[in-house]
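Here's the structure we're looking at; comments come further down.
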Amino acid sequence: MATAAGALLGLTVLPASAVAQSASTPAAPQGGNDTETVALDTVEVNARANEANTNLAPLGISRLPSTVQEMPQTVTVVPQELIQQQQITTLQQALQNVPGVTMSTGEGNGGANGDQFRIRGLPARGDIYSDGLRDFGVYTRDTFDTESVEVIMGPNGEAFGVGNAGGLINQTTKRAHLGSVTSIDQQIGSGMLYRTTIDSNFEIDKTTAIRLNGVYNKQDIADRDNIFSDRTGFAANLGFGIGTDTNWFVNYMYLHGNSMPDMGTPFLQGRDGIYRPITDFGLPQIDASTSYARNFNHDITDVNVVTSNFSKEVNSWFTFNNDTRLAIYDRDFNATNPAACTGTCAATILSGGNYRLSYGAGGGMAYQQTGWGFQNVASGRFEFEVAGFKNKAIVGLDTVYQEDQRHQLTAVNRVNNQMIVNPTFGYPQTYFYYNGYNARLANATDIGLFASDRFWFTDQVSLQAGLRWDYFNSEFNGVASSIQGSATARELSPSVSLIYEPTKDYTVYASFSRTYRPLGTDIGAAVGGVASEVPAGSDVNEPERSDLYELGIKANFLDGRLGATAAVFRVDKTNSYTVDPATGDYEPGFSDAGLGLRVSGVQLGLNGRITRQWTVNAGYSYLDGEVTYSQTFAQIGNTAPDVPPNNFSFWTSYDLESLVHQGTKLMVGGGARYASAYWSDAANLAEVPETFALDAMISLESLDKKWRLALNAYNLTDHLNYASSFNTVRVVPTSGRTFLVNLGTTF
């Protein structure tokens with residue numbers, strides 16, 4: 001019985017590929033007991049059938065409830081199976097499966113390129129986590145060490161502290177597990193793309209293992225001239241006490257990125273006064289593949305991350321967790337920022353001519369950035385009864401410290417003379433240097449005490465309440481007096497949820513939560529060197545506040561194989577502001593130009609297996625955004641920027657098993673993504689067209705997992721889509737129809 005229990009617990013930490021391999025490989029007899037082997041196989045099959053239902057997926061974050069279903073808030077999961085079937089290589093690609101998440105493009109001084117997202121139209125610059133800890137720095141995140149991605153929609157201040165106005169994104173990394181297995185995959189795709197990944201797990205003893213992951217990614221971005229994205233990475237996860245009541249996972253990850261920043265193409269103001277992508281007017285002289293990158297542009301990043309996740313089940317009612325991270329990041333960034341085409345420029349281009357390109361940020365920011373961040377979260381989970389009433393409580397201490405240093409670079413011989421049609425790429429005489437003047441050193445400290453308790457009135461009705469107190473301080477020190485100052489905030493972030501569970505397969509909830517975003521929360525992703533982000537010591541700096549109201553249901557069907565979610569919600573974000581000490585006037589703060597926003601909507605999801613062979617992952621969100629405050633009075637009441645009203649994502653796959661050959665498995669799959677057009681600015685003058693893509697895949701795999709071959713096709717209709725936009729200035733086109741072939745082996 002002890003052996004069987006240990007084996008079953010070990011299965012819960014195996015990734016999908018490892019579980020499938022175990023299921024297809026006969027178990028070795030244990031003491032001649034064939035009955036025990038049959039019992040284990042039966043449990044594996046059941047686990048395999050239910051693992052696609054993301055309602056039952058573990059969140060893997062010690063300060064949150066154990067599973068998605070227990071979380072009284074919308075949580076969308078991109079599981080490992082979906083990552084594998086779609087051959088996802090970056091976090092951005094993974095989030096295309098999450099309706100309501102859009103990309104964000106900033107000025108290019110730390111806030112652009114890399115991973116910059118909006119959740120339900122609200123910025124999530126510093127709200128990217130991995131294993132429940134902050135993922136410091138701005139860089140393109142590769143999925144080579146990613147097990148799954150979870151998006152928690154809406155404020156979560158009671159658990160995560162300052163930030164996460166619209167929600168947060170958490171990546172679960174690949175952990176060591178029992179058993180020894182190695183997978184090697186080689187991909188070749190459009191662009192061209194060459195990518196090799198290696199995933200090896202080695203069992204050291206019955207409770208100890210190490211898992212090694214590596215990636216080499218060399219990629220020219222399809223349909224974008226002179227744009228490339230190269231990455232090299234390595235990760236090692238060492239696990240102790242696997243399958244026991246005391247386990248400790250230590251992870252090291254290194255990722256080097258070398259890419260050409262793509263700041264997109266200009267918005268062009270049409271004759272009706274509306275700004276649209278210059279590539280959306282059907283002009284014969286304009287090509288969607290044209291980029292305005294120049295040979296001296298680059299985005300070179302190095303990230304080193306060490307993470308420790310410790311858990312001790314002290315007894316049946318108390319579990320202690322301690323999670324720690326140290327991250328060191330460097331970035332050397334230089335980009336070309338095209339600006340909008342208006343007036344004479346627009347008239348000339350619309351008439352079939354050519355015109356000199358206008359630039360933003362002086363042609364583009366150039367800087368060198370170094371920084372580091374530390375976080376420790378110590379928490380305890382309690383299960384107990386008070387007067388016969390069941391309770392589950394979590395209490396903890398969260399400590400975060402981050403430093404970030406920027407050196408703005410000065411250009412020499414940079415001539416901003418590109419033309420909109422056939423722009424020049426090579427500028428051999430251009431170089432950059434640091435003149436010792438425009439520098440900034442910023443640091444931020446966040447210390448949070450948090451507690452939550454779920455109290456059951458009956459077996460079906462419970463109340464969950466949480467509260468977090470944060471002390472937050474940010475300091476900015478620069479050579480220029482305009483980038484010097486500090487701000488301190490002390491905030492209480494509450495949450496409360498009423499939960500009704502008529503059966504174990506149904507959860508109905510009504511929730512409220514609040515979070516704050518003080519000035520300087522996202523120093524690693526901030527613009528940097530800009531006075532609007534830096535508090536003056538005499539100013540009163542009120543944090544931005546975001547409130548969530550949500551009513552939802554989560555349900556499981558078909559013996560737990562299929563999960564469904566539905567929620568209606570409203571998020572109110574009040575603007576961040578400062579007070580001028582001389583006049584007493586309010587001035588817009590650092591985030592979204594001081595806008596106040598209200599986003600209401602509906603979120604639907606369906607994930608799991610309809611049959612053992614048929615898997616589905618689908619989601620839809622309807623978003624209704626409104627500007628509730630702006631310094632420009634005429635903008636109040638406008639549609640909120642970066643909020644597509646209708647968002648849809650669908651993917652399905654079918655396992656045809658041994659249709660082709662007795663020793664092989666054939667799988668086919670496909671899906672669609674859609675997002676309606678949306679405004680890119682609060683004045684509702686710049687419109688980003690709708691997004692639409694049809695994707696498909698077909699794969700062959702030997703039943704013993706020793707080889708596999710897959711072909712993926714993306715954007716089959718070759719529809720011109722756009723990844724992100726910036727105000728009325730520019731928009732970034734994506735690739736058209738592309739293909740990817742994967743050849744892999746597991747042994």
Side-chain angles (χ1 to χ4, degrees), residues 83 86-96 103-106 108 110-117 128 135 137-146 149 171 185-197 213-235 253-265 288-303 329-338 364 366 369 425 525 693 712 714-715 721-724 730-742:
I83 292 174
Q86 294 184 354
Q87 301 296 329
I88 290 170
T89 62
T90 65
L91 178 61
Q92 178 184 348
Q93 288 179 320
L95 293 175
Q96 291 177 346
M103 285 289 292
S104 176
T105 298
N113 296 104
D115 290 332
Q116 298 287 301
F117 304 103
I128 301 177
D135 193 354
V138 177
Y139 61 101
T140 298
R141 290 161 173 84
D142 197 287
T143 57
F144 80 100
D145 193 37
T146 300
V149 177
Q171 309 149 93
D185 286 272
Q186 178 64 55
Q187 297 175 337
I188 301 176
S190 303
M192 294 288 288
L193 163 67
Y194 302 95
R195 178 180 174 88
T196 303
T197 57
N213 281 274
V215 63
Y216 172 79
N217 188 98
K218 186 172 181 60
Q219 180 179 12
D220 292 331
I221 305 301
D223 304 318
R224 296 296 292 155
D225 295 342
N226 302 313
I227 303 299
F228 62 89
S229 180
D230 299 339
R231 298 182 299 278
T232 305
F234 170 77
M253 189 273 289
Y254 168 74
L255 184 64
H256 171 76
N258 182 10
S259 65
M260 178 66 73
D262 189 358
M263 306 305 287
T265 60
S289 65
T290 299
S291 81
Y292 298 94
R294 293 179 276 188
N295 68 305
F296 53 78
N297 296 152
H298 55 262
D299 186 5
I300 301 173
T301 59
D302 286 284
V303 182
Y329 57 88
D330 297 280
R331 192 180 194 192
D332 186 353
F333 186 84
N334 183 317
T336 295
N337 292 27
Q369 174 188 18
F425 175 72
N712 285 72
Y714 309 97
N715 195 11
N721 296 315
Y722 299 89
S724 59
R730 60 182 179 269
V731 63
V732 183
T734 63
S735 302
R737 184 186 303 111
T738 57
F739 300 91
L740 182 65
V741 176
N742 182 82

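These numbers were taken from a predicted model, which means no experiment stands behind them.
- Taking Phe234 as the reference, Leu212, Ala236, Tyr252 meet the side chain to side chain contact (heavy atoms under 4.5 Å, CB included) condition, with sequence neighbours excluded.
- In this structure, Phe228 CZ and Gln219 CD are separated by 11.5 Å, a value rounded to the nearest 0.5 Å.
- Looking only at distances, no side-chain donor or acceptor of Arg141 sits under 3.5 Å from a matching main-chain atom of Ile128.
- Nearest heavy-atom pair, Tyr254 versus Phe144, reported as atom, atom and distance to 0.1 Å: O-CZ, 4.3 Å.
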Discussion item. Let's go through Val138 and Phe333 carefully: what are the C-alpha distance in whole Å and the side-chain angles of both, what is the deciding distance for side chain to side chain contact (heavy atoms under 4.5 Å, CB included) to 0.1 Å, and is it a yes or a no?
Written reply: CA-CA 11 Å; Val138 177; Phe333 186 84; over 6 Å; no
Worksheet item: Going through the distances and angles, do Leu95 and Val149 end up as a side chain to side chain contact (heavy atoms under 4.5 Å, CB included)?
Response: CA-CA 8 Å; Leu95 293 175; Val149 177; 4.0 Å; yes
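- Side chain of Ser291 to main chain of Asp225: a donor-acceptor pair is present (N/O by atom type, distance under 3.5 Å, no hydrogens or angles).
- Without hydrogens or angle criteria, Thr90 side chain to Gln93 main chain gives a donor-acceptor distance under 3.5 Å.
- Scanning for salt bridge (charged side-chain N to carboxylate O under 4.0 Å, His left out) contacts around Asp230 gives Lys218, with sequence neighbours left out.
- Note that CZ of Arg195 and CD of Gln186 are 10.5 Å apart. Values are rounded to the nearest 0.5 Å.
- Counting only distance, with no hydrogens or angles, the side chain of Arg294 and the backbone of Tyr292 share no donor-acceptor pair below 3.5 Å.
- By the side chain to side chain contact (heavy atoms under 4.5 Å, CB included) test, Thr738 is found to be paired with Ser190, Ala222, Tyr714, Ser735, residues two or more places apart in sequence or in another chain being considered.
- A pairwise comparison of heavy atoms in Ile88 and Thr143 identifies O-OG1, 2.9 Å as the closest pair.
- Minimum interatomic distance between Ala723 and Gln92 (heavy atoms only, all atoms of both residues): CB-NE2, 4.0 Å.
- Side-chain atoms of Thr301 never come within 3.5 Å of backbone atoms of Tyr139 as a donor-acceptor pair (strictly under, hydrogens ignored).
- Residues Leu255 and Arg231 come closest through the heavy atom pair CD1-CB, 4.3 Å.
- The distance from atom OG1 of Thr197 to atom CG of Asn742, rounded to the nearest 0.5 Å, is 7.0 Å.
- Annotation: the span from Thr734 atom OG1 to Gln96 atom CD amounts to 8.0 Å, rounded to 0.5 Å.
- Across every non-hydrogen atom of Ala366 and Asn334, the tightest pair is CB-ND2, 3.6 Å.
- To the nearest 0.5 angstrom, Asp145 atom CG is 7.0 Å from Met253 atom CE.
- In this structure, Asn297 CG and Met260 CE are separated by 5.5 Å, a value rounded to the nearest 0.5 Å.
- Of the options Thr196, Thr89, Val741, a side chain to side chain contact (heavy atoms under 4.5 Å, CB included) to Gln187 is made by Thr89 and by none of the others.
- When all heavy atoms of Asn337 and Gly364 are compared, the closest pair comes out as OD1-CA, 3.6 Å.
- Contact annotation: the side chain of Asp223 never approaches that of Pro733 to less than 4.5 Å [non-hydrogen atoms, C-beta and beyond].
- Here the rule is side chain to side chain contact (heavy atoms under 4.5 Å, CB included) with Arg331, and of Ile300, Asp302, Asp299 only Asp299 fits it.
- Judged by distance alone, with hydrogens and angles left aside, the side-chain atoms of Asp262 form no donor-acceptor pair with the main-chain N or O of Ala293 at under 3.5 Å.
- Contact annotation: the side chain of Tyr722 never approaches that of Val732 to less than 4.5 Å [non-hydrogen atoms, C-beta and beyond].
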